Amino acid sequence: MADINTNFEKMTFLEMLKQHPIEIPMIQRDYAQGRESQKKLFDNFLEALKNAVDKPPIELDFVYGDIKNNKFHPLDGQQRLTTLFLLHWYAAACSKEPKAHAEILSKFTYSTRLSSRKFCKKILKNIDGYKSSKEQIPAEWIEDQSWFRAAWKNDPTVSGMLRALNAIQVHFADIKDGLWEKLSEHTKPAISFYKTTLDSIGLSDDLYIKMNARGKILSPFENLKAQIDRKIEKEKWEENFELTDKFNHLIDTEWTNLIWNSFGKEKFDQSFIRVFANIAVYAIITTSPNDEPAEKISDDIAPLIDDSTNLSIEHISRKVYEVLYGSFHGLCQLNNKQLHADGVNWFEMLADETISIFQCIGEPKLNPTPQQWLLCFAIYEYAQKNHKNIIEEKYYIWLRFIRNIIQNSDFDQNSDFDLERFVGAARFIHSMAKGCSDIYTFIGQLTYGNEGFASEAVKREKQKVEMISKDRDFMEILHCLEDTGFCYGNLTFPFYYLENTTDVSDPKVCLNHALNTINKYFREGMTDIHRRALLTVGDGSYYCNYWCSWLHAANGDKYRLLTDMDDLRGYIFDDKLLASFSSYFDLLKKKTPNQLIKAFDHSDKEDWRYKLIKDPALLEESEEKYLTFSLPDRKCYLIPKSKVANNDKGRSKLIEVGTWNE
């Protein structure tokens with residue numbers, strides 16, 4: 001073990017400042033001794049310091065750190081050193097020569113936040129004003145000065161320092177005269193400590209990243225923040241930046257406010273690293289070479305999607321940093337409504353209807369879906385590219401476009417990530433973001449073939465844009481149709497209906513009828529009323545034949561009536577289903593579903609279709625609306641669930657409906 005007398009040097013606070021300036025490094029936590037929660041302990045500490053001034057001296061154990069750029073960066077001792085700085089400031093302010101003493105104290109500074117550093121400089125620069133103010137309560141005097149910024153009180157270190165100065169006045173006001181001289185005595189110092197550097201006791205510089213002032217592990221966010229700032233400085237990414245535009249300033253001011261306001265104090269670190277990881281994943285995907293295989297990128301981002309705390313400095317290239325910087329800068333320019341995209345119907349993509357897509361990403365208790373990740377990517381893109389000129393209508397149209405694509409691109413929000421498809425979708429968003437400031441104009445000029453991600457969805461968007469470009473009144477109708485639970489961002493049926501309806505009236509009238517019909521009859525989704533009414537259309541075969549399988553138990557074809565709206569949207573591309581619904585919507589112009597059911601007749605009262613239409617109790621027997629047509633006995637049966645076993649027991653579960661004929 002190293003010899004303590006060789007490696008530790010006893011000194012006072014002022015002696016240490018004369019030897020090396022003290023700089024609290026970025027990786028350190030905020031000043032805590034001035035916190036309200038620490039009041040009792042802090043009062044005891046101050047009383048011990050006061051007693052040491054006139055009574056036996058006190059030694060404050062060890063202070064250790066490292067020398068960087070000729071400055072001492074404390075690892076252990078930050079809290080004590082900060083309190084000593086504030087005590088010496090008070091002593092200097094009450095002395096005969098405050099300005100002269102402030103000069104030596106100016107060698108103490110903070111790097112954790114720009115606001116902390118500026119606060120220390122300002123109270124030193126204006127120190128002589130405190131005594132002339134009749135020595136009022138320090139915090140009241142400081143906050144009343146023209147140079148004090150109200151926003152500084154959001155910095156925990158500054159607010160802690162203000163409380164600490166008030167407490168120091170309470171304890172030391174009666175001995176303030178001559179206090180500076182007593183604190184600066186070096187022959188028999190009242191307050192001292194032992195100082196050493198890491199290398200002198202054989203400790204690694206890595207401790208700056210691994211430990212805080214109490215030897216506790218730093219949060220992943222604190223760790224990463226310090227590492228990124230060091231890399232920026234080392235590789236000179238911000239060489240020509242103004243101080244207020246630099247990463248280390250923004251991350252402690254505007255970016256902190258963004259996360260704090262969205263997620264609160266308790267979730268702050270976790271939420272920040274989650275948002276960071278989300279943006280970093282997008283940056284890794286979009287800054288990779290165009291010929292980089294999706295499989296390779298998937299391997300790189302998989303750990304970050306699995307756990308945001310896996311984000312490390314190795315992921316932060318200059319290009320990734322630029323996307324992170326641009327995204328956060330852009331997000332800070334959005335107002336609360338825009339950030340949470342209140343102008344967009346997200347269908348069921350939200351984890352909870354009370355929160356936003358952005359909150360789905362940062363909320364520690366949630367596991368974001370691929371859809372939520374991708375939709376946030378779209379927000380980042382617009383924020384980056386348009387932060388100087390945010391046009392709300394254009395912004396929401398961009399998000400609507402991406403929503404429609406993602407909603408109808410086989411991303412099951414309850415399933416695991418299909419990483420390669422996810423990479424393709426992110427690249428698609430990035431490519432389309434070239435026109436995000438006016439996406440409809442961009443799409444109108446776009447040439448998009450049958451290949452590529454979501455090509456069919458893009459074709460629908462182009463068709464929509466073509467209609468809007470000819471007559472802007474179409475936009476409101478089409479947007480309203482997209483937002484219904486019937487369409488969910490997919491206009492396949494409205495476009496088919498427009499082309500195939502028997503009504504040759506104005507297209508807007510036709511689309512409005514479709515919208516009104518959906519709002520009037522489909523608010524509760526796909527019910528048995530609709531299933532029975534759809535069987536009255538034509539000979540009913542269109543509606544039944546969009547899906548077919550074979551049931552061995554019946555030795556015949558197996559069909560399905562639509563189970564719900566998801567089922568409808570999944571098969572809406574089928575021409576037979578589209579034709580059936582188109583005719584149904586025409587019929588609903590004059591009759592209700594119940595009137596269609598009541599008016600239906602058939603010469604054979606044992607016919608399966610007649611029975612299903614007329615008897616509402618039958619379909620209730622089939623949970624998933626499957627039916628089968630048995631070849632041997634020419635009968636129709638309902639299946640209780642989705643299938644039955646191919647044996648007598650299974651066949652006994654089939655529910656006889658009626659007869660059928662080809």
Side-chain angles (χ1 to χ4, degrees), residues 11-26 28-35 38 42 45-46 48-50 52-53 58-65 71-95 97-128 130 138-139 141-142 148 152 155-172 176 179-186 189-195 213:
M11 61 177 56
T12 66
F13 179 72
L14 292 175
E15 287 171 338
M16 188 174 189
L17 286 178
K18 291 175 183 177
Q19 188 180 79
H20 287 290
I22 301 172
E23 184 177 74
I24 307 301
M26 183 173 292
Q28 288 287 15
R29 294 181 182 273
D30 296 308
Y31 176 55
Q33 287 191 343
R35 292 177 184 171
Q38 303 288 320
F42 190 52
F45 180 53
L46 290 179
L49 295 181
K50 179 183 179 181
V53 172
I58 187 172
E59 293 178 355
L60 301 179
D61 295 326
F62 307 112
V63 171
Y64 63 87
K71 295 177 182 177
F72 181 79
H73 288 187
L75 175 62
D76 185 21
Q78 170 211 356
Q79 304 293 324
R80 285 166 285 154
L81 289 173
T82 303
T83 297
L84 289 175
F85 164 73
L86 297 171
L87 175 59
H88 281 74
W89 181 90
Y90 178 76
C94 297
S95 72
E97 298 181 273
K99 278 284 189 181
H101 302 325
E103 186 175 345
I104 181 64
L105 294 179
S106 67
K107 293 185 177 183
F108 177 91
T109 188
Y110 260 75
S111 286
T112 53
R113 285 186 173 89
L114 181 63
S115 50
S116 305
R117 185 160 64 251
K118 284 190 173 182
F119 175 79
C120 292
K121 286 183 178 180
K122 288 293 186 181
I123 62 173
L124 288 170
K125 182 179 179 180
N126 299 279
I127 192 170
D128 54 342
Y130 175 65
W141 175 78
I142 291 170
F148 182 79
W152 290 354
D155 180 341
T157 291
V158 172
S159 59
M161 285 181 172
L162 290 170
R163 282 191 291 269
L165 285 170
N166 287 347
I168 287 169
Q169 187 198 47
V170 169
H171 286 271
F172 288 86
K176 64 180 183 297
L179 180 59
W180 177 267
E181 287 71 23
K182 292 177 181 179
L183 292 175
S184 57
E185 169 63 45
H186 65 275
I191 304 168
S192 61
F193 48 82
Y194 289 95
K195 170 246 179 183

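These numbers were taken from a predicted model, which means no experiment stands behind them. In what follows, residues are counted from 1 in the order of the sequence shown.
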How many angstroms lie between atom [atom1] of [X] and atom [atom2] of [Y], to the nearest 0.5 angstrom?
X: Arg163; Y: Phe42; atom1: CZ; atom2: CZ; result: 10.5 Å
X: Tyr31; Y: Gln78; atom1: OH; atom2: CD; result: 9.5 Å
X: Leu81; Y: Lys195; atom1: CG; atom2: NZ; result: 11.0 Å
X: Lys176; Y: Ile168; atom1: NZ; atom2: CD1; result: 14.5 Å
X: Phe85; Y: Ser106; atom1: CZ; atom2: OG; result: 9.0 Å

Is the shortest heavy-atom distance from the side chain of [X] to the side chain of [Y] under 4.5 Å?
X: Ile24; Y: Phe108; answer: yes
X: Phe172; Y: Cys94; answer: no
X: Met161; Y: Ile123; answer: no
X: Arg80; Y: Pro74; answer: no
X: Leu60; Y: Leu84; answer: yes
X: His171; Y: Leu49; answer: no
X: Phe119; Y: Thr157; answer: no

Among residues at least two apart in sequence or on other chains, which ones pass side-chain contact (heavy atoms from CB on, under 4.5 Å) with [X]?
X: Glu103; answer: none
X: Lys122; answer: Asn126, Trp147, Trp152
X: Ala190; answer: none
X: Ala91; answer: Leu179, Trp180, Leu183

If you compare all heavy atoms of [X] against all heavy atoms of [Y], which two are closest, and at what distance to 0.1 Å?
X: Ile142; Y: Phe148; value: O-CB, 3.3 Å
X: Leu86; Y: Ala164; value: CD1-CB, 3.7 Å
X: Met11; Y: Glu15; value: CA-OE1, 3.3 Å
X: Tyr90; Y: Tyr130; value: CE1-OH, 4.0 Å
X: Leu165; Y: Pro138; value: O-CG, 3.6 Å
X: Ile104; Y: Leu17; value: O-CD1, 3.5 Å

Quick one: list whatever passes side-chain hydrogen bond (donor to acceptor under 3.5 Å, both in side chains) with [X], sequence neighbours left out.
X: Ser115; value: Asp155
X: Glu181; value: none
X: Thr82; value: Tyr110
X: His20; value: Asn70

- Message: Show, in sequence, the C-alpha distance, side-chain angles and deciding distance for Phe13 and Leu87, and conclude whether the side chain to side chain contact (heavy atoms under 4.5 Å, CB included) test is met.
- Response: CA-CA 10 Å; Phe13 179 72; Leu87 175 59; over 6 Å; no
Would you please name every residue forming a salt bridge (Lys or Arg N to Asp or Glu O under 4.0 Å) with [X], sequence neighbours left out?
X: Lys71; answer: Glu23
X: Glu185; answer: none
X: Lys182; answer: Asp54
X: Lys50; answer: Asp174

- Query: Are the side chain of Asp128 and the backbone N or O of Lys99 linked by a donor-acceptor pair below 3.5 Å?
  - Reply: no
